[in-house]
Each structure stands twice: as C-alpha cells, then as structure tokens.
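Both counts, for ligands and for their atoms, begin at 1 and track the order of listing.
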Amino acid sequence: MSFSVVGSIAERIAQIRETLPDSVRLIAVTKQVPVEAMRAAYAAGIRDFGESRIQEAETKQAQLQDLPDVVWHMIGHLQANKAQKALQLFRWIHSVDDLKLAQRLDRLAATSIQKPNVCLQVKILPDPNKHGWTVSELWKDLPDLNNCNHLNICGLMTIPPVGLEPTELLKVFQETQNLAIKVQTHPELKLPIQELSMGMSNDYSIAIAAGSTMIRLGRILFGDRPT
Ligand SMILES: *Cc1c(COP(=O)(O)O)cnc(C)c1O
C-alpha cells in the first residue's frame with residue numbers, strides 16, 4: 001500500500017486522532033522525515049516520536065531541543081554496542097529482541113534515575129526478515145527477563161510479516177494480546193505487560209481492534225519515505 005498524502009500534516013493527524021480511542025498512544029514514526037515536518041506534527045499535538053536509527057535520532061534531538069515535552073521511542077533493531085547511547089536518547093525501547101540485549105540494557109540502566117520502558121519484540125508467525133522472540137523462545141527466556149530489575153519491561157511489540165490478509169493480521173495481533181495476558185498473569189513472573197505496541201500505517205485499525213495501546217504511524221502522516 002502506498003501513501004500519497006493529501007492535506008497538511010495537522011489535518012491528517014486530526015483526522016486519525018478522531019478515530020482513535022483515548023487509550024491509544026499515537027507515535028509519529030519520523031525516520032527519514034525532516035525536522036520541519038516533525039515541528040508541524042508537534043504543533044498539531046504529537047508528543048511521541050519514533051525513530052529507528054541512533055545516529056538520526058541524536059541529530060534530530062539536538063535540532064529539536066527547544067521542544068520541551070517530547071517522548072522519544074526507539075523502534076528499530078538495536079545493536080548491542082549502541083545500547084548505552086539508546087538509553088541516553090530514548091525513554092522507550094520497543095525493539096528489545098533478545099535476552100543478551102535485555103541483560104546488557106539492564107546492567108547499563110542500573111545507575112539511571114528513571115527505569116527505561118521496554119517492550120519485548122515478538123514474532124507470532126515465523127519471519128526470517130524480522131528480529132524478535134518466537135513465542136516458545138520467549139517463554140524460555142522469561143525467567144531471566146524477569147530478573148532484569150533495572151528495566152521497566154511493560155509491553156510486547158510485534159510487526160506482522162508482509163502480505164497478510166486482514167483476518168490473518170487480526171489473528172496475529174490477538175495472539176500477541178493473549179500472550180501479554182498470559183505473561184502478565186503468570187504466578188512466577190512479575191512482568192506487568194500492559195502495553196501492546198502494534199499497528200502501523202496499513203494495519204493500525206486492525207491492531208486497535210485487538211487491543212493495541214501504542215500505534216506507530218509513519219507514512220500515513222508524512223507520506224511515502226524516499227526509497
Ligand atoms: C517504519 C516503521 C513503522 C512505521 O511504518 P509506516 O508503514 O510508515 O507507518 C512502524 N514501526 C516500525 C518498527 C518501523 O520500522
């Protein structure tokens with residue numbers, strides 16, 4: 001699906017907002033989006049920006065320092081050697097995708113004042129192109145994740161494989177929600193998994209139907225990214 005944009009950024013944000021339940025946080029995904037467009041989104045009420053590269057986020061944060069109350073979300077794959085930097089730049093990391101990375105972040109976060117908010121990235125369907133835990137891998141690692149006391153592990157994130165039909169997408173999102181409930185209520189774990197980071201430009205309404213609490217929208221707000 002391609003997104004050629006009609007109207008201003010503010011108009012598109014307002015239109016989408018109208019359709020969202022209050023419980024859903026709208027994260028504007030701004031990778032490859034110039035800071036001028038980010039300022040327009042901010043003026044239209046956006047306070048959550050999602051970036052997928054450390055370097056790009058660092059540059060933009062320096063340019064947008066005057067915007068006081070922005071919450072920055074890391075949504076892309078994080079290399080272990082950039083974990084420290086990620087903790088400095090982001091309040092949320094949606095893309096924690098293996099135990100080693102989680103444990104490294106946990107060690108690094110030991111001295112931070114505020115615990116970083118973390119989502120565990122899961123793959124409900126097999127997908128060689130994506131990072132993240134399969135469901136069985138996650139269950140194996142949950143006891144160790146449970147010991148990462150310096151992280152606020154509070155959500156699951158998922159990106160469905162490309163090309164699924166709406167009914168299949170719904171199933172992926174519902175299974176993510178069911179997994180979150182199972183983890184949250186597991187008697188031997190203390191992981192308050194209340195956030196579901198799921199839904200992008202082409203599937204966010206389906207994700208919301210399955211209980212998404214954070215949607216990550218790029219192209220539908222800012223238009224297609226240059227390839
Ligand atoms: C790019 C990206 C998005 C936004 O995708 P759009 O199709 O532009 O809405 C959301 N989540 C992640 C992890 C991304 O990398």
Inset, instruction - Say whether Arg219, considering both its backbone and side-chain N or O atoms, lies within less than 3.5 Å of an N or O atom on ligand 1. - result: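 Between Arg219 and ligand 1, an N or O pair is found under 3.5 Å apart.
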Inset, instruction - Report yes if some N/O of Gly218 lies less than 3.5 Å from some N/O of ligand 1; otherwise report no. - result: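 Yes, at least one N or O pair falls under 3.5 Å.
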Among all protein heavy atoms, pick the one closest to [atom] and tell me residue, atom and distance.
{"atom": "atom 13 (C) of ligand 1", "answer": "Ile75 O, 3.4 Å"}
{"atom": "atom 11 (N) of ligand 1", "answer": "Arg216 NE, 2.9 Å"}
{"atom": "atom 6 (P) of ligand 1", "answer": "Ser201 OG, 3.5 Å"}
{"atom": "atom 1 (C) of ligand 1", "answer": "Lys31 NZ, 1.5 Å"}
{"atom": "atom 5 (O) of ligand 1", "answer": "Met200 CE, 3.6 Å"}

Inset, instruction - Measure the distances from the heavy atoms of Ile159 to every atom of ligand 1 and state whether one is below 4.0 angstrom. - result: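 The answer is yes: ligand 1 sits under 4.0 Å from a heavy atom of Ile159.
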Legend entry - ligand 1 contacted by Arg225 (non-hydrogen, < 4.0 Å):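 Yes, Arg225 has heavy atoms under 4.0 Å from ligand 1.
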Inset, instruction - Give the ring-plane orientation class for Trp92 versus His73, where under 30° counts as parallel, over 60° as perpendicular and anything between as tilted. - result: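 Aromatic pair Trp92/His73 classed parallel.
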Inset, instruction - Check the angle between the aromatic planes of Phe49 and Trp72 and answer parallel, tilted or perpendicular using the 30° and 60° thresholds. - result: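 Geometry flag for Trp72 against Phe49: tilted rings.
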Inset, instruction - Using atom types as modelled and distance alone, determine if a side-chain donor or acceptor of Arg91 lies under 3.5 Å from a backbone N or O of Val71. - result: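 A pair under 3.5 Å: no.
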Inset, instruction - Could you tell me whether Lys31 and Glu56 make a salt bridge, using a distance below 4.0 angstrom between a side-chain N and a carboxylate O? - result: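 The answer is no: the pair does not qualify as a salt bridge.
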Inset, instruction - Could you list the atoms of ligand 1 found under 4.0 angstrom from a heavy atom of Leu217? - result: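 Within the 4.0 Å cut-off of Leu217, ligand 1 contributes 9 (O).
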Inset, instruction - Inspect the surroundings of CZ in Arg25 and state if more than 12 heavy atoms from other residues, nucleotides or ligands are less than 6.0 Å away. - result: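 Yes.
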Inset, instruction - Kindly give the heavy-atom pair with the smallest separation between Leu20 and Ile215, and that separation in Å. - result: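 That would be CD2-CD1, 3.7 Å.
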Inset, instruction - Could you walk me through whether Thr213 and Glu195 pass the side-chain hydrogen bond (donor to acceptor under 3.5 Å, both in side chains) test, one step at a time? - result: CA-CA 6 Å; Thr213 64; Glu195 304 284 346; 2.7 Å; yes
